[in-house]
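The figures here come from the full heavy-atom set of this structure, side chains too, leaving out hydrogens, waters and symmetry mates. Proteins come first, then strands; the chains are lettered A, B, ... in the order of their sequence lines, and each starts at number 1.
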Amino acid sequence: MDKPSLPSGTRDFGPEVMMRRKFIIGIIEETFKRFGFLPLETPAVENLKTLQGKYGDEGDQLLFKILNNGDFLAKADENLLHQRDSKSLTSQISDRGLRYDLTVPLARFVVMNRDKIHFPFKRYQIQTVWRADRPQKGRYREFWQCDADILGSQSISNEADLLQIYDNAFATLGLKVNIRFNHRGILDAFEPWLEGATNHDRFMQLIDKADKIGFEGVLNEITNEAIPNGAEAWTLLHNINNLSSNEEKLTALQNASNIQHEALLKGISEIKHLLSLLNNLPASNTMTLDVTLARGLSYYTGMVMEVVPADDRIPEDFRIGSIGGGGRYDNLTGVFGLKDVTGVGISFGLDRIYDLMDAAAIFPTESMQSTVVLFCCMDENALSSAFGMAKNLRDAGISTEVYPGAVKLKKQLDYANNKSIQWACILGEQEIADGTVSVKNLISGEQKTCPQNQILQQISQ
RNA sequence: GCGGAUAUAGCUCAGUUGGUUAGAGCACCAGUUUGUGGCACUGGGGGUCGCCGGUUCGAACCCGGUUAUUCGCCCCA
């Protein structure tokens, strides 16, 4: 018999893990709802046409593709088959793939349902996505994203809402983070100075690595690749970032002579607007303008945001990238034929948040508990009384189990112990005869015998 | 797509220059205790040492290949 195994980059989530994942999901979902977002789910499988060309060449390679059903090779091109040309053959033998993120399915949904949707459209979506990436620490082939997006509203108040969602959710989770934001307009303003779009794209790719390789590391790479004025531009950004307040950074940007550009003015004014909305609201986490934040080359066109852990309970050596990110993208639905719909959204990286909270050991105990009361019967005759009492407790909202069968008491109490059940209600010959039940507190060891209709009073003391 | 590391019981791992019957802890089962858990003690079940081949009188150990996992790089959450 073959040893059972999992495909690499995928995981089972056992009951203990699921309890904690649900704890996280519950808080994120509750926060989304409290800001007026409504749920959306889309299929795991999308047409490849929907997915391809949306994530760049690299992204296309990372798509999981599904073989067509039936005799899929029969209609395939003879030459391509003979040449073993996998890439060209793919389009002939695979029409569908697994979704790669939640944003493209959202765009597809909005375009297909434009007659039913009222803008601004606020939806959240908590589902699995798949990427055929090489797995490594904090990176999986199957993972979850928790997205909230607003479509069809240009107002910066949406960005303000999203930053508050980050702050609220992580505060409720009990994890300290740093919320960073930037505006693509600020970075776009560097394009003339860097002498063109190609240099600019590469520059943004490189500065995105600052977290990993530091100021010097980025500077070296920029120098190696001889990006015109790259070193100066990077130094300017770095110096601005070292200023202590968001306002000082904005002033410095305004005064930087090499990057004066329409895009910069738009970026600065939108950030000022954002800060004015958030100014008087108390926040649990720091929100800092990080002028080096680029977030890849993807579709972002306005504000970009990112969440990084900042909790001292996380072990020093536990390095993991961002645990959330988002931003504004103009013309989100353009590729599907619906023009001029702007969108802004954020995403929570559930799996990384879990890994962090696990490493920092900050899951509250209530995220672990399930059953509160276990009925232990000494003989089969007691089971029916136990069922009656268990129903009453459940009706009162208390998670209750009746141990299956009248096995040895030691075994039943072991079971309760392993499951961290707080109360054992023991029913033997004596209790049944007297119409009582022995209620034992498994934490203190205390045990009292009481009438069968008074369990609730016993355990709520 | 490229590089490094690892692979021994259900899990985490020991295993001496290559030498008899491959070990520990945890978990599981039973007992000490026929109605009282956590602790302790005693006993028990459990292994194709990833797989294939080679060297050797003899391989968990050395060599080659292969597969899987994992950590980095590219890229990303």
When all nucleic acid strands are considered with a 4.0 Å heavy-atom cut-off, which category describes [X]: base, sugar-phosphate, or nothing?
{"X": "Gly325(A)", "value": "nothing"}
{"X": "Glu142(A)", "value": "nothing"}
{"X": "Gly138(A)", "value": "base"}
{"X": "Ile426(A)", "value": "base"}
{"X": "Ile421(A)", "value": "nothing"}

Determine the sole option in Arg99(A), Arg108(A), Lys65(A) for which the salt bridge (Lys or Arg N to Asp or Glu O under 4.0 Å) test with Glu46(A) is passed.
Arg108(A)

With the side chain of [X] defined as its heavy atoms from C-beta on, choose the nearest nucleotide among [options].
{"X": "Met378(A)", "options": "G35(B), G38(B), A77(B)", "value": "G35(B)"}
{"X": "Asp414(A)", "options": "C75(B), G35(B), G38(B)", "value": "G38(B)"}
{"X": "Arg134(A)", "options": "C75(B), U36(B), G72(B)", "value": "G72(B)"}
{"X": "Lys440(A)", "options": "A77(B), C74(B), U36(B)", "value": "U36(B)"}
{"X": "Ser8(A)", "options": "G37(B), U70(B), C29(B)", "value": "U70(B)"}
{"X": "Lys411(A)", "options": "G37(B), C28(B), C29(B)", "value": "C29(B)"}
{"X": "Glu429(A)", "options": "G37(B), A77(B), G35(B)", "value": "G35(B)"}
{"X": "Lys137(A)", "options": "C71(B), G37(B), A77(B)", "value": "C71(B)"}

More 5' along RNA chain B: Gln447(A) or Asp133(A), using each one's nearest nucleotide?
Gln447(A)

Walking RNA chain B from its 5' end, the first of Gly324(A) and Gln430(A) to be reached, judged by nearest nucleotide, is Gln430(A)

Is the ring pair Phe109(A)/Phe121(A) parallel, tilted or perpendicular, if the boundaries are 30 and 60 degrees?
parallel

G46(B) versus A24(B) - spacing of their P atoms, nearest Å:
14 Å

Do Arg131(A) and Tyr100(A) meet the cation-pi criteria used here (NZ or CZ under 6.0 Å from the six-membered ring centre, within 45° of the axis)?
yes

